[in-house]
Amino acid sequence: MSLIVYNTIGHKKEEFIPLHGNNVGMYVCGPTVYGFPHLGHAKSYISFDTIYRYLKYKGYNVKYVQNITDVGHLVGDSDEGESKIEKQAKIEQVDPYQIAYKYELSYFDCMEKLNVLKPDISCRATGHIIEIIDMIKTLVDKGYAYVTENNNVYFDVSKFKEYGKLSNRTIDNTMSGKRITLADDKKRPEDFALWKNADNNHLMKWPSPWGDGYPGWHIECSVMSKKYLGDTFDIHGGGMDNIFPHHECEIAQSTCANECKFVNYFIHNNLVTVNGQKMGKSLGNFITLPDLFKKYNPIVIRFYTLLSHYRKPTDFDDNKLIEANKNYNSIVNALIKARSNIVKNYTIDEEIFKIKNNFLEAMDDDFNTALAISYLYELVKIINKTDDKNKLTNIVKFFDEEVNQILGLSFNNTTDNSKEDSLIKFIIELRDQARSEKRYDLSDKIRDELNNIGIVLKDSKEGTTYEKKVLF
RNA sequence: GGAGCCAUAGCCAAGUGGUAAGGCACAGGUCUGCAACACCUUCAUCGUCGGUUCAAAUCCGACUGGCUCCUCCA
């Protein structure tokens, strides 16, 4: 089965064919580390983590590179603009490098909780200043960039005819300069900074041929992707809000500096809304992941995120998370039942084989996790109805060999705790005794209390069993 | 002003030409001391209007509504 991906270049689905045989190079824009990661990061990195996992499942040898932006980005684009990291450093009264490292750690911590695999290479912008200066020099030498009297270096957009192709816009109809105060030494408003001169107040700065300064906001990705993946590579990902200007500028820089095609497939995930509204600091509905994890189990957030397609917006509200939590638990519990019925010698079950193929076909069609997960419910229904151990074994194998590694949802996470289990069984015995004496007040209280800590009792003719559910 | 995305049942959500997947909620039922779980049953012609076609949720056009980008943001 061939893999189809939606390519932002051309705005259509295409068959995925890597440049170099079985090897895939993938670069995804990482976070700017000046604050705690938020829901938007979760959607983006869960999406690309799933893409990464699926490519590996398909047998590709993937090199996944993700940057950490620990310098640079200005609050505005004027010369008076302040670095976001330095601004946060002033607020927290610490060194800007401490800010960057603190939030980098928080980012990775949150990603781990969401079962997001680490990229193969995580690279910091500050570790690549030499290469950045080098690429800027190349661009200046080739005439694509110019140095101003203020010792700033700008990319000359008029020199790159394809500028605007990715985001499908022309220079004339952008509003560049209409909403903000522009640096006054640019030739044209749409030119963007490669290197900015730093004044004495600036803490994060490096020597360069143009004096002390710091890199502009797009050049690091061009430089690091080149260093680790080469001049041309397969997949470049990021949030769709990065299409313009960030990725447009990367294309301009890399294509001009390397004189060859930059990327074959651009993949962009859609954004997160909260109660239907864009999430933003100024709107007051900004949700950080550390805060969210106090309320919801991270794995349920991952599950909920994968319940809709990565190119569709995801809306967060409590009821939807509650629903997702319920569905997640029903899959986990069904799987526990199936797992207790596996047999060593089994044969391929046609029905399960077909569902497995449907699942993989959905993933092949532009990573359609929403469709893929819907097939898991069919399996849940089968598990709950059948006693066919061969069938159940087929299902468990399917989860172990494909579902868990592709979706990263820890459906198989049955952490055995025999001490806890024997304690629960003892409590159940006590409750059964109360029930046999018709002391239902007591037996119901025991049931409620256990339920509150995520242990759900199930009474049946055969006796009482229990399930553990993932709590918020 | 320019660019783009979206619009499927109470809610979420698949489906890009062949006659509407799945989940949640609701209702009825089986099971249960009562519940919960599980199972069974019921539940939509796809924003509006027009066009193309033997056939459209699916293609084209117009309109309406929502969202995003054009400053940094995943």
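Base contact: Val272(A) has a heavy atom under 4.0 Å from a base atom. Counting any heavy atom pair closer than 4.0 Å across all strands shown, Ser44(A) reaches sugar-phosphate atoms only and no base atom. Across all strands shown, Phe48(A) has no heavy atoms under 4.0 Å from either base or sugar-phosphate atoms. Residue Pro37(A) is classed as having no contact, given no heavy-atom separation below 4.0 Å to the nucleic acid. At the heavy-atom level, His11(A) lies nowhere under 4.0 Å from the strands shown.
U45(B) sits 9 Å from U19(B) when the C1' atoms are compared, rounded to a whole Å. Annotation: C46(B) and U41(B) have their P atoms spaced 26 Å apart (nearest Å). Using atom P as the reference point in both G47(B) and C40(B), the two lie 31 Å apart (nearest Å). Straight-line distance between the C1' atoms of G22(B) and G15(B): roughly 11 Å, to the nearest whole Å. Taking atom P on both nucleotides, U8(B) is separated from U48(B) by 11 Å, rounded to a whole Å. A gap of 47 Å separates the C1' atoms of G29(B) and C63(B), to the nearest Å. Nucleotides C67(B) and C24(B), compared at atom P, are 30 Å apart to the nearest Å. On the P atoms, G23(B) is 15 Å away from C43(B), given to the nearest whole Å.
Electrostatic pairing of Asp349(A) and Lys391(A) counts as a salt bridge here, judged by a charged N lying under 4.0 Å from a carboxylate O. The residues Asp109(A) and Lys113(A) are annotated as salt-bridged, a charged nitrogen and a carboxylate oxygen being separated by less than 4.0 angstrom. Contact check on Asp49(A) versus Arg53(A) returns a salt bridge, with a Lys/Arg side-chain nitrogen under 4.0 Å from an Asp/Glu carboxylate oxygen.
Across all strands shown, U41(B) is found opposite A27(B) as a Watson-Crick or G-U wobble partner, with both distances under 3.5 Å. Within the shown strands, U64(B) is the pairing partner of A7(B) under the Watson-Crick or G-U definition, both distances less than 3.5 Å. Nucleotide A21(B) forms a pair with no other nucleotide shown, judged by Watson-Crick or G-U wobble geometry with both contacts under 3.5 Å. Pair assignment for U53(B): none, as no Watson-Crick or G-U wobble contacts are both less than 3.5 Å. Nucleotide G1(B): paired with C70(B) (Watson-Crick or G-U wobble, both distances less than 3.5 Å).
Spacing between atom OH of Tyr310(A) and atom P of A14(B) amounts to 13 Å, rounded to whole angstrom units. The distance from atom CZ of Phe359(A) to atom C1' of G22(B) is 14 Å, rounded to the nearest whole Å. The CG atom of Leu166(A) sits 13 Å away from the P atom of C5(B) (whole-angstrom rounding). For Asn358(A) and G15(B), the CG to P distance is 14 Å, given to the nearest whole Å. Nucleotide G23(B) holds its P atom 12 Å from the CZ atom of Phe303(A), rounded to whole Å. Rounded to an integer number of Å, the gap from CZ of Phe266(A) to C1' of A74(B) is 15 Å. Atom CD in Glu361(A) sits roughly 13 Å away from atom P in G15(B) (whole-Å rounding). Going from atom CG of Asp241(A) over to atom P of C70(B) covers 8 Å, rounded to whole Å.
When each of Ser167(A) and Lys312(A) is assigned the nucleotide of RNA chain B with its nearest heavy atom, Ser167(A) is the one assigned upstream, toward the 5' end. Comparing Gly239(A) and Leu307(A) by the nucleotide of RNA chain B that holds the closest heavy atom to each, the one mapping nearer the 5' end is Leu307(A).
Side chain of Asp70(A) to backbone of Thr126(A): a donor-acceptor contact under 3.5 angstrom is found. Using modelled atom types, no side-chain atom of Asp234(A) and backbone atom of Met26(A) make a donor-acceptor pair closer than 3.5 Å. The main-chain N or O of Phe266(A) is found under 3.5 Å from a side-chain atom of Thr8(A) such that the two form a donor-acceptor pair. Counting only distance, with no hydrogens or angles, the side chain of Ser44(A) and the backbone of His41(A) share no donor-acceptor pair below 3.5 Å.
Note on ring orientation: taking the six-membered ring where Trp is involved, the planes of Phe192(A) and Phe155(A) are parallel (angle under 30°, cut-offs 30° and 60°). Aromatic ring pairs are classed by plane angle as parallel below 30°, tilted from 30° to 60° and perpendicular above 60°; the pair Tyr107(A) and Tyr45(A) is perpendicular.
Listed by chain and residue number, nothing satisfies the salt bridge (Lys or Arg N to Asp or Glu O under 4.0 Å) test with Lys354(A) (two or more places apart in sequence, or in another chain).
The side chain of Thr32(A) lies closest to A74(B) when the candidates are U71(B), A14(B), A74(B).
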| note | Per-nt protein contacts along nucleotides 29-41 of chain B (heavy atom under 4.0 Å; B base, S backbone sugar-phosphate only, - none) come out as ---SBBBBBSSS-

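In terms of phosphate contacts, Asn327(A) brings no side-chain nitrogen or oxygen within less than 4.0 Å of OP1 or OP2 of G23(B). Close to C69(B), at under 4.0 Å from its OP1 or OP2, lies no side-chain N or O of Asn242(A).
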